[in-house]
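What you are looking at is a predicted structure, and each value in this text was computed from that prediction instead of being measured.
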Amino acid sequence: MLDFLSRRKNLYVIIFAVVILVVGVAIKYVNVLYRTPSRVQSELDEIYEDVENIHPVSLRKAEFLIKWGEYRNSDECSNAVYESLFYSGSGFDGDIYVVSYPDSIEFPGLPPFRRQFRIEKLME
């Protein structure tokens, strides 16, 4: 009887560990696909609000670059914004400012999930 209970207890421990792993992957997945891009978008919007009333657009873009550069080098910015500094593809594309950064989910025993993100802000 004790042997049966011992095996049953081990099964519960294994199931619990698998559930914890699945929950951990799900939380990281939501962070990578939804929370981080929305935070980068809100950071872009916050800096844009400081310069949105500057005219003409070329002067607005220049002032945005100054403020964005100061923000990106500060301790307040998110890791994704800081990482965009080292990744090509960030900058102006016409009147649209683009923040490009890579992100990934890597857990032992699972194939890595890598994705390139591109967040845009129109300088209207």
Side-chain angles (χ1 to χ4, degrees):
M1 181 75 176
L2 265 150
D3 189 40
F4 174 72
L5 290 177
S6 176
R7 278 189 248 152
R8 195 169 173 188
K9 184 178 178 182
N10 288 340
L11 179 63
Y12 289 138
V13 168
I14 291 171
I15 290 172
F16 182 70
V18 169
V19 167
I20 294 295
L21 179 65
V22 168
V23 168
V25 169
I27 289 171
K28 180 67 174 167
Y29 186 77
V30 168
N31 281 338
V32 166
L33 288 182
Y34 300 107
R35 291 188 70 206
T36 302
S38 67
R39 179 157 185 214
V40 170
Q41 185 67 51
S42 68
E43 290 171 309
L44 273 172
D45 292 341
E46 184 179 318
I47 299 300
Y48 180 74
E49 286 175 4
D50 292 342
V51 300
E52 70 182 331
N53 294 325
I54 297 174
H55 296 286
V57 175
S58 59
L59 189 56
R60 182 181 313 138
K61 288 164 68 173
E63 188 66 27
F64 177 83
L65 283 175
I66 292 168
K67 289 189 179 286
W68 183 252
E70 290 171 356
Y71 177 75
R72 190 170 47 191
N73 290 327
S74 72
D75 293 335
E76 298 172 9
C77 74
S78 65
N79 287 338
V81 170
Y82 182 73
E83 287 298 319
S84 71
L85 179 63
F86 306 108
Y87 195 77
S88 64
S90 294
F92 276 104
D93 184 12
D95 285 342
I96 298 173
Y97 189 78
V98 178
V99 177
S100 295
Y101 66 94
D103 208 348
S104 64
I105 302 173
E106 297 177 14
F107 279 100
L110 298 174
F113 172 79
R114 293 187 177 103
R115 187 162 178 198
Q116 171 66 32
F117 290 89
R118 179 182 166 102
I119 312 295
E120 300 177 350
K121 180 66 183 170
L122 178 62
M123 297 288 143
E124 309 174 315

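- For CG of Asp95, the number of neighbouring non-hydrogen atoms (other residues, nucleotides, ligands) closer than 6.0 Å is greater than 12.
- Residue-environment remark: CD (Glu76) stays at or below the threshold of 12 foreign heavy atoms within 6.0 Å.
- Ring centers of Tyr87 and Tyr101: at least 6.0 Å apart, outside the cut-off.
- Under the 4.5 Å side-chain heavy-atom criterion for ILVMFWY residues, a single connected hydrophobic cluster contains both Tyr34 and Val25.
- Hydrophobic clustering, with ILVMFWY side chains joined whenever heavy atoms are under 4.5 angstrom apart, keeps Trp68 apart from Ile66.
- In this structure, CG on Leu65 lies 8.0 Å from CE on Met123, to the nearest 0.5 angstrom.
- Between the NZ atom of Lys9 and the CG atom of Leu11 there is a distance of 13.0 Å, given to the nearest 0.5 Å.
- For the atom pair Arg72 CZ and Ser84 OG, the distance stands at 5.0 Å (nearest 0.5 Å).
- Closest approach of Gly94 and Lys61 over heavy atoms only: O-NZ, 3.0 Å.
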Report the C-alpha distance between Arg118 and Asp93 in whole Å, list the side-chain angles of each, state the deciding distance to 0.1 Å, and finish with yes or no for side chain to side chain contact (heavy atoms under 4.5 Å, CB included). CA-CA 12 Å; Arg118 179 182 166 102; Asp93 184 12; 3.6 Å; yes

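- The hydrophobic cluster containing Leu85 also includes Tyr82, Phe86, under a criterion of side-chain heavy atoms closer than 4.5 Å among ILVMFWY residues, counted directly or through chains of members.
- A distance of 6.0 Å separates OH in Tyr71 from CD in Glu46, rounded to the nearest 0.5 Å.
- Taking NZ of Lys67 as the start and CG of Asp50 as the end, the distance is 5.0 Å to the nearest 0.5 Å.
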Worked verdict on Thr36 versus Val32 for side chain to side chain contact (heavy atoms under 4.5 Å, CB included): CA-CA 6 Å; Thr36 302; Val32 166; 5.7 Å; no

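- The aromatic rings of Tyr97 and Phe64 lie perpendicular to each other, with more than 60° between the two planes, well past the 30° mark.
- We find that Arg114 and Glu106 are joined by a salt bridge, their nearest charged nitrogen and carboxylate oxygen being less than 4.0 Å apart.
- Here CD of Gln41 is found 9.0 Å from OG of Ser38. Values are rounded to the nearest 0.5 Å.
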Given Lys28 and Phe113, is the side chain to side chain contact (heavy atoms under 4.5 Å, CB included) satisfied, shown in steps? CA-CA 11 Å; Lys28 180 67 174 167; Phe113 172 79; over 6 Å; no

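- Leu33 is listed as a side-chain neighbour of Arg115, based on a closest heavy-atom distance under 4.5 Å.
- Of the possible polar contacts, none joining the Glu63 side chain to the Ile54 backbone as a donor-acceptor pair under 3.5 Å is found.
- Both Val19 and Ile27 belong to a single network of hydrophobic side chains, linked directly or stepwise wherever heavy atoms of I, L, V, M, F, W or Y lie under 4.5 Å apart.
- Grouping Ile, Leu, Val, Met, Phe, Trp and Tyr by side-chain contacts under 4.5 Å, direct or through others, puts Leu122 with Ile96, Val98.
- Between the Ser90 side chain and the Ser100 main chain, a donor and an acceptor come within less than 3.5 Å of each other.
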